[in-house]
There are 2 protein chains.
Amino acid sequence: MKLAVDAVVFGYGPSPKVSVLLVKRKYDPFKNHWAIPGGFVEEEEGLEEAVYRELEEETGIKLNYLEQLYSFGNPKRDPRERIVSIAYFGLVRPDAYNVVAATDAKEAEWHSIDHLPELAFDHDTILETAIRRLRSKITYEPIGFELLDETFPFSDLENLYTSLLGREIDRRNFRKKILSLGMLDELEIKVKKGAGRPANLFQFNKERYFQLKNDGFVFEL
Amino acid sequence: MKLAVDAVVFGYGPSPKVSVLLVKRKYDPFKNHWAIPGGFVEEEEGLEEAVYRELEEETGIKLNYLEQLYSFGNPKRDPRERIVSIAYFGLVRPDAYNVVAATDAKEAEWHSIDHLPELAFDHDTILETAIRRLRSKITYEPIGFELLDETFPFSDLENLYTSLLGREIDRRNFRKKILSLGMLDELEIKVKKGAGRPANLFQFNKERYFQLKNDGFVFEL
DNA sequence: AATTATTGCGTACATTCTACACAAATGTAT
DNA sequence: ATACATTTGTGTAGAATGTACGCAATAATT
């Protein structure tokens with residue numbers, strides 16, 4: 001019996017869509033199919049350590065956030081032999097897009113979660129599980145910020161949420177709600193992008209969030 | 001590298017306390033320490049299958065609810081060799097108490113989660129994770145009912161929640177809230193226990209819950 | 001200078017949450 | 001039998017929160 005880790009890595013962009021990092025398999029089984037990056041855990045290696053190593057090797061990417069997702073152990077999930085996989089769930093900021101593009105010749109690509117190709121093994125199930133987790137988790141933990149640049153206009157956050165939740169959000173109420181939580185610092189910087197009034201930049205204050213959390217506060221939308 | 005499963009099994013009772021099923025280890029390492037029941041996954045066996053088998057072997061208990069909790073893979077968690085454990089989380093109804101007592105000579109016992117003994121390996125961490133999960137999960141999924149008898153007076157449910165959440169709940173508001181969700185059937189049966197007005201029995205209607213869930217309803221306290 | 005696009009803010013109303021009081025139906029002590 | 005303690009069942013007022021909007025401010029575009 002072998003043990004592997006797989007990592008579902010989400011990014012936000014380049015269009016205002018959430019996408020996931022996939023690699024093209026070079027060998028059988030499922031040669032030339034897209035798959036979630038991952039690999040076997042080495043004997044003396046921690047699980048997260050293995051995730052970071054495999055991601056570095058296969059895609060050159062560095063994660064901004066990582067958490068364990070679920071373990072998949074169906075005896076037949078790999079046609080060759082019994083492989084149990086512990087799946088992880090990672091987030092990167094938009095600048096990671098260029099990193100992947102720069103990683104020479106590696107067959108790693110971003111795919112919008114709305115148009116996914118066929119995947120190897122049971123990776124469709126894993127990815128589905130990850131998407132569900134991301135969708136629900138952004139409503140009770142402030143992980144959405146990990147997908148944005150360190151400073152961002154409010155509209156970016158709003159677009160991320162509408163895109164992920166798949167429904168319209170009232171821009172004004174959403175803003176009030178988020179700001180009332182008191183986890184965002186408003187910067188004195190404005191950005192102009194195309195037409196319209198310039199937007200103020202905001203920054204997620206992680207320390208402040210942990211303070212609040214310790215005081216029994218719960219993030220919730 | 002070996003793969004194991006461990007199962008944190010919760011019950012509600014016999015006193016109005018949530019308790020967990022532990023087994024006493026017969027061999028080293030951690031001989032005579034209490035531990036979470038579990039064991040190695042066999043080559044052709046599914047993960048949940050392994051959980052059910054081990055629980056049957058070690059405690060004779062049959063679960064009412066089971067879900068995967070988390071996987072623990074610290075390379076040093078077992079002093080002998082590398083063992084990765086996939087932990088599960090199970091619930092049983094009160095009648096399971098007698099079952100365990102009847103299972104001959106096996107060293108399985110219920111322990112209140114408020115007074116836990118020292119545990120083998122990293123089982124304290126696993127148990128802590130499980131308790132956190134149980135505490136939070138009863139507020140957004142109707143799994144509390146899986147710890148009660150099929151039919152129960154409302155006060156049982158209330159006591160379960162106060163005990164788990166560790167804070168007072170207003171009895172009247174709690175009742176209104178739960179009943180407004182429309183997942184409980186009120187039976188025409190009353191039970192008297194000691195002093196006080198006899199209580200009506202209720203029953204969780206699981207089908208109705210799934211219907212509601214499909215219509216976008218979300219359980220939430 | 002008018003038009004369009006985007007940001008920022010406020011207000012009225014509906015819904016939900018919270019605190020609290022009292023009646024009904026039983027057992028228990030005298 | 002009567003008074004009292006105990007538990008269950010129901011309602012109501014005010015506070016807090018959520019929801020649906022309207023409109024001004026600041027930019028690019030025509």
Side-chain angles (χ1 to χ4, degrees), chain A residues 13 15-16 138-140 144 148-149 151-163 165-204 212 215-221, chain B residues 13 15-16 138-140 144 148-149 151-163 165-204 212 215-221:
Chain A
S15 72
I138 55 165
T139 71
Y140 63 87
L148 302 178
D149 288 313
T151 69
F152 54 88
F154 216 92
S155 51
D156 277 13
L157 188 65
E158 184 201 329
N159 290 330
L160 173 62
Y161 272 81
T162 47
S163 150
L165 298 180
R167 57 184 168 81
E168 289 302 306
I169 295 178
D170 185 277
R171 183 173 54 86
R172 296 152 288 187
N173 292 334
F174 179 72
R175 184 188 177 106
K176 255 183 300 186
K177 177 71 178 167
I178 296 278
L179 289 181
S180 76
L181 302 177
M183 309 174 317
L184 292 188
D185 294 335
E186 186 164 7
L187 306 181
E188 299 297 324
I189 311 169
K190 297 192 188 303
V191 279
K192 309 174 220 181
K193 46 172 183 177
R197 178 172 172 173
N200 238 307
L201 287 183
F202 288 86
Q203 183 165 25
F204 175 54
L212 291 168
D215 296 347
F217 158 91
V218 279
F219 178 91
E220 201 194 339
L221 298 190
Chain B
S15 71
I138 55 165
T139 70
Y140 63 86
L148 303 177
D149 288 313
T151 68
F152 53 87
F154 216 93
S155 51
D156 277 12
L157 188 65
E158 184 202 328
N159 290 330
L160 172 62
Y161 272 81
T162 47
S163 151
L165 298 179
R167 58 184 167 81
E168 289 301 306
I169 295 177
D170 185 278
R171 182 173 55 87
R172 298 154 286 188
N173 293 335
F174 180 72
R175 183 187 178 106
K176 254 182 301 187
K177 177 74 177 163
I178 297 278
L179 288 182
S180 76
L181 301 178
M183 309 176 317
L184 292 189
D185 293 335
E186 187 165 5
L187 306 182
E188 298 299 323
I189 310 169
K190 297 192 188 304
V191 279
K192 310 174 218 180
K193 46 173 183 179
R197 178 173 173 172
N200 238 309
L201 287 182
F202 289 85
Q203 184 165 23
F204 175 54
L212 291 167
D215 295 348
F217 158 91
V218 280
F219 179 92
E220 202 194 337
L221 298 188

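Numbered from 1 within each chain, the chains take letters A, B, ... in sequence-line order.
- C:dT7 atom P lies 11 Å from atom CZ of A:F202, rounded to whole Å.
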Using atom names, set out every protein N or O paired with an N or O of nucleotides 11-13 of chain C below 3.5 Å, distance rounded to 0.1 Å.
from: C:dT11; atom 1: O4; to: A:K176; atom 2: NZ; distance (Å): 2.8

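- Counting distance only, with no hydrogens placed and no angle test, the side-chain atoms of B:R197 and the base atoms of C:dA23 include no donor-acceptor pair under 3.5 Å.
- Taking the nucleotide of DNA chain C with the nearest heavy atom to each of A:P198 and B:P198, the more 5' of the two is matched to A:P198.
- Among the atoms of the strands shown, base atoms are found under 4.0 Å from some heavy atom of B:D170.
- For the atom pair A:I169 CD1 and A:I178 CD1, the distance stands at 8.5 Å (nearest 0.5 Å).
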Contacts table for residues 182-202 of chain A: side-chain donor-acceptor under 3.5 angstrom, sequence neighbours left out:
from: A:D185; atom 1: OD2; to: A:N205; atom 2: ND2; distance (Å): 3.0
from: A:E186; atom 1: OE2; to: A:N200; atom 2: ND2; distance (Å): 3.4
from: A:K193; atom 1: NZ; to: A:D156; atom 2: OD1; distance (Å): 3.2

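- A donor-acceptor pair is defined here as one N or O able to donate and one able to accept, closer than 3.5 Å; no such pair exists between the side chain of A:Y161 and the backbone of A:G144.
- Between B:R171 and A:R172, the residue whose closest nucleotide on DNA chain C is further toward the 5' end is A:R172.
- Note that the CD atom of B:E220 and the NZ atom of B:K177 stand 6.5 Å from one another [nearest 0.5 Å].
- No donor-acceptor pair closer than 3.5 Å links the side chain of A:D149 to the backbone N or O of A:T151.
- Interatomic distance, B:I138 CD1 to B:L157 CG, rounded to the nearest 0.5 Å: 9.0 Å.
- First and last contacting nucleotides of DNA chain D toward chain B (any atom under 4.0 angstrom from a heavy atom, 5' to 3' order): D:dT6 to D:dT12.
- A distance of 12.0 Å separates CG in A:D170 from OG1 in A:T162, rounded to the nearest 0.5 Å.
- Using a 4.0 Å cut-off on heavy atoms, none of the residues of residues 177-187 of chain A approach DNA chain C.
- A:Q203 CD to A:L148 CG: the interatomic distance, rounded to the nearest 0.5 Å, is 12.0 Å.
- A perpendicular orientation is assigned to the rings of B:F154 and B:F174, their planes being inclined by more than 60° (bins at 30° and 60°).
- Between A:L212 and A:L181 the shortest side-chain heavy-atom distance does not fall below 4.5 Å.
- The stretch residues 151-160 of chain A has no heavy atom under 4.0 angstrom from DNA chain D at all.
- The stretch residues 189-196 of chain B comes close to DNA chain D through B:A195, B:G196, each having a heavy atom under 4.0 Å from the strand.
- In terms of phosphate contacts, A:R175 brings a side-chain nitrogen or oxygen within less than 4.0 Å of OP1 or OP2 of C:dC9.
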